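Presented below is the structure to which this report refers.
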Amino acid sequence: MIKFYIKNYGCQMNIYDSQRMADALTSSGYTAASEQEDADILIFNSCSIRSKADEKLFSDLGRARQNTTKVPVIVVTGCVAQLQHEEIMRRAPFVNIILGPQDIHHLLHYLSMPHDKCLVSVSLDATKKFACLPDNYSSRTISEFLTIQEGCNKCCTYCIVPYTRGREFSRSVKEIVSELRKLIDHGVKEVTLLGQNVNSYIDEDSNTDFAGLLETIATTPGLLRLRYTTSHPKHITEALARAHRDIPVLMPFIHLPVQSGSDIILKRMNRHYDRAEYMDKVAMLREYRPDIAFSSDFIVGFPGETDENFQDTISLVNEVKFAQAYSFKYSPRPRTGAALMPNQIDEDVKSERLQTLQTLLENQQKEYNAQFIGRQVEVLILKPGRYDKQLVGRTPYGQAITIESKDLSIGDVCTATVVNVEPHSLMGQI
Ligand code: 5AD
Ligand code: SF4
């Protein structure tokens with residue numbers, strides 16, 4: 001029995017790719033190892049969004065070599081594989097296979113070949129991956145991801161993604177519908193559609209845009225909840241806002257990265273919108289779906305960011321009021337425009353700004369959750385909790401909620417009254 005272990009780094013798109021690689025391996029007779037040390041094949045699905053993520057890969061690669069009792073076949077996939085395959089071969093010459101994010105369908109074939117030299121495929125061609133990956137699925141959970149679009153044509157000046165996942169590519173409606181049905185057949189009840197710019201989705205053949213896709217798939221029997229991530233503010237259309245009002249399974253939650261509240265910084269980031277446009281999109285979504293919850297991403301310390309520019313971010317946060325958010329210190333990435341910009345910001349200043357922003361965002365999350373005390377929410381139960389009879393689920397607004405019940409099971413939907421809030425989750429009573 002040949003055992004494999006996949007270590008995943010980075011975003012949901014990588015989680016999806018790891019799952020598809022696991023499916024390919026299990027359908028060919030390999031089995032999943034529960035420990036990295038047990039594996040005959042060790043796959044590192046890497047991320048390079050910030051420099052910390054790719055440093056982590058290199059240190060884990062070094063450790064993999066030292067720790068194992070076996071000498072596993074080592075595979076590096078994902079964004080670092082795409083961008084730094086030569087550096088991987090130089091710094092980790094024991095790596096056997098390197099596959100970019102659009103080349104993971106070669107995995108089985110490459111595993112069957114001799115490994116006397118490192119096998120590399122980093123084509124950046126997104127058109128073949130989905131067609132070539134085997135489509136027999138191993139087990140699925142109640143809530144799963146479905147990649148509908150990859151790559152990015154926007155070229156934000158801080159971002160490495162256009163170099164790691166290539167140009168925008170949308171899968172056909174037909175292919176998405178078929179995969180969605182299969183997920184539901186495997187017990188999935190909540191699906192999150194994925195794309196780097198999910199709402200710029202377009203199927204040219206059937207002339208279907210993102211709002212059209214949502215409308216088409218929303219009525220799939222057995223689909224209880226539909227989500228999507230990550231949206232670009234530029235592509236929030238009135239039709240999408242309307243979909244949030246009209247489609248019952250579309251959850252009242254949107255991850256809408258703003259990155260900065262300063263027009264000068266947004267322009268230098270090449271984000272294709274300004275603060276007023278972002279605020280207009282927020283207002284439009286709220287007009288159609290007043291209870292919609294907002295989440296966002298922020299970068300502090302972008303080159304040239306002054307205290308005043310940073311205060312514009314703070315004031316935007318105060319205006320929007322986010323239900324949750326992620327924030328990062330700017331990290332210069334190779335080949336990106338911002339890495340070469342003058343006035344790079346000191347790490348100390350970045351840390352201080354990050355601290356200020358995170359304190360504010362955490363308080364907003366607490367305030368957002370506190371409004372729910374005493375309210376009834378619909379809960380989809382996703383997994384067992386830490387203690388006996390405890391179950392963990394999710395509200396329509398994306399909050400984790402813990403309830404106690406001996407009658408309910410994973411996959412059930414129930415109504416709970418929120419009795420308490422913790423910093424990042426709710427406590428509910430049936
Ligand atoms: N430095 C810091 N954060 C970054 N992000 C993307 N590139 C960088 C970078 N170079 C953040 C953005 C994006 C999220 C996925 O990661 O906020 O929305
Ligand atoms: Fe990391 Fe971006 Fe690649 Fe996702 S797409 S794995 S976040 S670099």
Side-chain angles (χ1 to χ4, degrees), residues 8-17 45-57 78-80 82-84 101 145 147 149-165 168 192 194-200 228-236 254-262 265-266 268-273 275 278 281 294-305 309-310 312-313 316-317 320 322 324-341 343-347 349-355 357-358 361:
N8 192 75
Y9 306 77
C11 66
Q12 291 101 329
M13 307 207 67
N14 260 22
I15 297 176
Y16 175 88
D17 288 345
N45 195 14
S46 63
C47 166
S48 49
I49 198 81
R50 285 166 289 276
S51 60
K52 255 196 204 145
D54 60 36
E55 282 155 22
K56 179 100 177 62
L57 168 75
C79 291
V80 186
Q82 183 64 42
L83 208 70
Q84 292 177 264
F145 298 124
T147 296
Q149 183 259 17
E150 287 226 23
C152 185
N153 293 347
K154 291 278 180 316
C155 285
C156 301
T157 53
Y158 53 80
C159 188
I160 197 114
V161 170
Y163 306 101
T164 66
R165 285 189 185 258
E168 256 174 46
T192 303
L194 295 183
Q196 244 89 35
N197 273 306
V198 78
N199 56 334
S200 70
Y228 57 90
T229 198
T230 290
S231 304
H232 193 290
K234 185 86 203 158
H235 299 287
I236 298 293
I254 183 164
H255 182 63
L256 193 61
V258 64
Q259 313 298 356
S260 168
S262 151
I265 299 296
L266 287 172
R268 273 197 246 133
M269 286 177 165
N270 195 29
R271 286 290 288 171
H272 301 274
Y273 57 84
R275 177 189 176 114
Y278 184 87
K281 298 286 166 93
F294 284 88
S295 156
S296 200
D297 289 340
F298 297 87
I299 296 177
V300 300
F302 185 80
E305 185 189 68
N309 302 149
F310 175 65
D312 287 340
T313 299
L316 180 135
V317 173
V320 176
F322 292 96
Q324 52 171 276
Y326 305 89
S327 45
F328 313 98
K329 290 194 265 184
Y330 168 71
S331 163
R333 308 307 293 128
R335 296 213 250 161
T336 58
L340 303 173
M341 285 182 186
N343 304 321
Q344 297 285 328
I345 305 297
D346 280 354
E347 278 308 302
V349 175
K350 285 185 198 171
S351 300
E352 207 176 291
R353 287 180 187 165
L354 188 67
Q355 183 67 52
L357 178 60
Q358 286 186 340
L361 290 167

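We count ligands from 1, going down the list as the structure has it; atoms in each ligand are counted the same way. Remember, predicted model here, so these are calculated numbers, not experimental data.
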Nearest option to atom 17 (O) of ligand 1, as decided by whichever heavy atom of K350, R333, H232, Q259 sits closest: Q259

Can you list the ligand 1 atoms lying under 4.0 Å from a non-hydrogen atom of R50? 1 (N), 2 (C), 3 (N), 4 (C), 5 (N), 11 (C), 16 (O)

Y326 and H255 aromatic ring geometry - parallel, tilted or perpendicular at 30°/60° bounds: perpendicular

For K350, is there an ion pair with E347 - N to carboxylate O distance below 4.0 angstrom? yes

Distance under 4.0 Å to a non-hydrogen atom of Y330: what atoms of ligand 1 satisfy this? 1 (N), 2 (C)

When you measure from the side chain of R50 to the backbone of F328, do you find a donor-acceptor pair of N or O atoms at a distance under 3.5 Å? no

Ligand 1 to K329, heavy atom cutoff 4.0 Å, flagged ligand atoms 1 (N), 2 (C)

Are N309 and F302 side-chain neighbours, meaning at least one heavy-atom pair lies under 4.5 Å? no

Note: R268 and P303 closest approach over all heavy atoms is NH1-O, 2.9 Å

Which bit of Y158 gets closer than 4.0 Å to ligand 1, counting heavy atoms only: side chain, backbone, both or neither? both

